[in-house]
There are 2 protein chains.
Amino acid sequence: MNNLTLEDIARKSGVSRSTVSRVINDHPNVSKAVREHVQEVIRQTGYRPHPAARALVSNRSWTCGLILPRAIPTFFTDPYYPCLIQGISQACSKKNYTFSLFLMENEEDEEQIFSRVSRRGFMDGILFQSYQIGDALLDKLVDSGIPLVILGRPFQNRQVSYVDINNIDSVSKAVQYLLDTGHKRIGTITGPQNTAVGIDRRMGYQQALQRNKIIVNEKLIVEGTFTEESGYWGMKQLLRENPDGVFTASDQMALGAMRAIKEEGLDVPGDISVIGYDDFPMASPAHPALTTLRQPIAQFCFEALKMLISLVEDGLEPYRRVILQSEFVIRDSTRDRS
Amino acid sequence: MNNLTLEDIARKSGVSRSTVSRVINDHPNVSKAVREHVQEVIRQTGYRPHPAARALVSNRSWTCGLILPRAIPTFFTDPYYPCLIQGISQACSKKNYTFSLFLMENEEDEEQIFSRVSRRGFMDGILFQSYQIGDALLDKLVDSGIPLVILGRPFQNRQVSYVDINNIDSVSKAVQYLLDTGHKRIGTITGPQNTAVGIDRRMGYQQALQRNKIIVNEKLIVEGTFTEESGYWGMKQLLRENPDGVFTASDQMALGAMRAIKEEGLDVPGDISVIGYDDFPMASPAHPALTTLRQPIAQFCFEALKMLISLVEDGLEPYRRVILQSEFVIRDSTRDRS
DNA sequence: ATAATGATTGGGAGCGTTCCCAATCCTTTT
DNA sequence: AAAAGGATTGGGAACGCTCCCAATCATTAT
């Protein structure tokens, strides 16, 4: 264990505490000779400053928290959360931040997380995955005044900074593509309608139809939960309406939908075209390879952390927002019927 | 933001800093009246102590790190890591610890993580997921003297504390079950043979056969990577040897194996029995429902954290170890052939 | 009533940093 | 050669807490 202090290094290198501190923090005004000598001593002793002492005096801990909402039914099966976690981890690593994870599973967790997190001094800021309408914790967090960035848009038009993906637009383009390639009866399996992504992706579907003067048929819309299973059952239901194309709000649901279609003896894309959303690792090795919308997760995470850091350094206001685009990736689960 | 200090609370409640500190830390020797009054003031003001200041003076940060190894090919598809993350998160929450996650993806990460983690004062201890043979970071961590618990057994017989699951024994029992129910040609799809779990589960398979005086046929052993895909291809290969039972080292591979079997026009369990390992969420809704070995992940994580805390509080030695058992869960993918 | 005892309470020191200001040193200019 | 200026260095104070010891208070026994 490393129990050296600044003072120890100062003594060993024959300079003062202040000088060593300056060397460590790359301050100017240290002569080259002294700087190099001190660096050498630090290297040899393996000294590393005490993070808590630093945090105490500088009020920066170089740690940020990621809060994932409670009751994630898909935490184990949907790659979204692992991808997000990896993305944030990478971003933190690049920015030299330590990354603390908070999984919120019940009411008590919520209280505990709040008290753990809302006190500046251990956590420089918080990334909060938007999920359900009316998250009490989110309100408290906003009020607490800790630097906060929402991943995904918040529900109420609150005064918060956030990073989002233009779901409406992206989906609308994908459905437009189905329209342009001669599809006549396009269904959708949506995400949960109490989540922002769920609502927005459905909205994108509707906008595309409306723009083309097509009346939205409620029977061609089924609500899912992002899981493979819900895609399967949703498709079973849609099949009764004889669609020739389906947009599903996640790749997992697209996989489920394809399973249902095949089970019915129909072919993808021969009889029905399927479009997913995410472009997660299982999308391209699927049979047929899935046409989908690629979420720019890595960039998303990076922008979120960048925003958080600017909040930490420059203050909370003005509120910032960044909207990213998903990329439409055409593979083999769609066919031109025109 | 909460910028109150102990001194502020002391002033507001007309007592001294020391008394407030005693109230917060539940020390005895505070009169009931004073204690309640101070608690009321704390409640009203929403005061929370500055964690960095506490950590500085007490040398406890109430934070632990989880390091996940580099190059996890299955991070997004295998539910093991999400489950582990959730388990550790729950355990930390119960023990009032904050949980920092480190994903190691390349050499630089390794160096960075080490320097972030090895300095006591911000991280009370480290949980390290055992993975590949010869992890350089692990060696450095052990040398650094920071409290450390390995998840899974370490390779070299090093002086470290760890928590493991008795893979050899568990698998051996499962294979014994196949033997007892009249299976004659039992194959296995192993995990990677440069991982401890991969090696141990294969060993369990071999031990069961040897105990029953059956010669181990190398052609009935195929190495996989824990993924669905590798289970599929592994099974394709095994099929040439006409097995009537297969043990796969993960549920994912079992799913892949079943896909391959069905594709060949054979039936599970009619023609071939399949046993997986993990009992992750997708095991029971599979068709047929998977017979498997249930990893006690939650308990595993809890024991690991408990061990880590005892290391933090009582010192590193003597080395501790806890071995848990997997539970054999019989469902519909196996059939009695006797 | 007084001494002795134990329960409360308060204040000082210190944890390892950073930051500020004053002191020193070296150049350069006159 | 002396003064001025900038570059470099050192030391004190502060961050907000815990811990220790001394002081005070209440309670009981003599």
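Here the structure is a predicted model, which means the values were calculated and not measured. Residue numbering restarts at 1 for every chain, and letters A, B, ... go by the order of the sequence lines.
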### Query
For Ser58(B) and Ser16(A), take the nucleotide of DNA chain D holding the closest heavy atom to each; which residue's nucleotide lies nearer the 5' end?
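With Ser58(B) and Ser16(A) compared, the 5'-side residue is Ser16(A).
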Rounded to whole Å, please give me the gap between [atom1] in [X] and [atom2] in [N].
X	N	atom1	atom2	result
Ile24(B)	dT18(D)	CD1	P	6 Å
Lys32(B)	dA7(C)	NZ	C1'	16 Å
Asn59(B)	dG14(C)	CG	C1'	13 Å
His27(A)	dT18(C)	NE2	C1'	8 Å
Leu6(A)	dG12(D)	CG	P	16 Å
Arg60(A)	dG16(C)	CZ	P	23 Å
His50(B)	dT18(D)	NE2	C1'	15 Å
Asn29(B)	dC19(D)	CG	P	14 Å

### Summary
On DNA chain C, more 5' by nearest nucleotide between Leu56(B) and Ser31(B) is Ser31(B)
### Query
So what does Asn25(A) hit on the nucleic acid, given a heavy-atom distance under 4.0 Å: a base, only sugar-phosphate, or nothing?
sugar-phosphate
### Query
Reckon Ser18(B) touches a base, only the sugar-phosphate, or nothing at all at heavy-atom distances under 4.0 Å?
base
### Message
Applying the salt bridge (charged side-chain N to carboxylate O under 4.0 Å, His left out) criterion to Glu313(A), which one of Lys306(A), Arg60(A), Lys95(A) satisfies it?
### Response
Arg60(A)
### Task
Select one nucleotide: of dT9(D), dC20(D), dG16(C), the one nearest the side-chain heavy atoms of Val30(A).
dT9(D)
[N] phosphate, OP1 or OP2: any side-chain N/O from [X] under 4.0 angstrom?
X	N	value
Arg54(B)	dT18(D)	yes
Thr5(B)	dG16(D)	no
Tyr47(B)	dC17(D)	yes
Thr19(A)	dG10(D)	yes

## Note on the structure
CG of Leu68(A) to OH of Tyr81(A), rounded to nearest 0.5 Å, is 6.0 Å
### Message
For a quick check, tell me whether the side chain of Arg17(A) and the base of dT18(C) share a donor-acceptor pair closer than 3.5 Å.
### Response
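By the distance-only test, yes, there is a pair.
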### Task
Would you tell me whether Tyr80(B) and Gln129(B) have side-chain atoms, one donor and one acceptor, within less than 3.5 Å of each other?
yes
### Charged N-O contact under 4.0 Å between Arg43(A) and Glu36(A)
no
### Test log, rule salt bridge (charged side-chain N to carboxylate O under 4.0 Å, His left out), inputs Glu40(A) and Lys12(A)
CA-CA 11 Å; Glu40(A) 178 59 18; Lys12(A) 278 193 214 291; over 6 Å; no
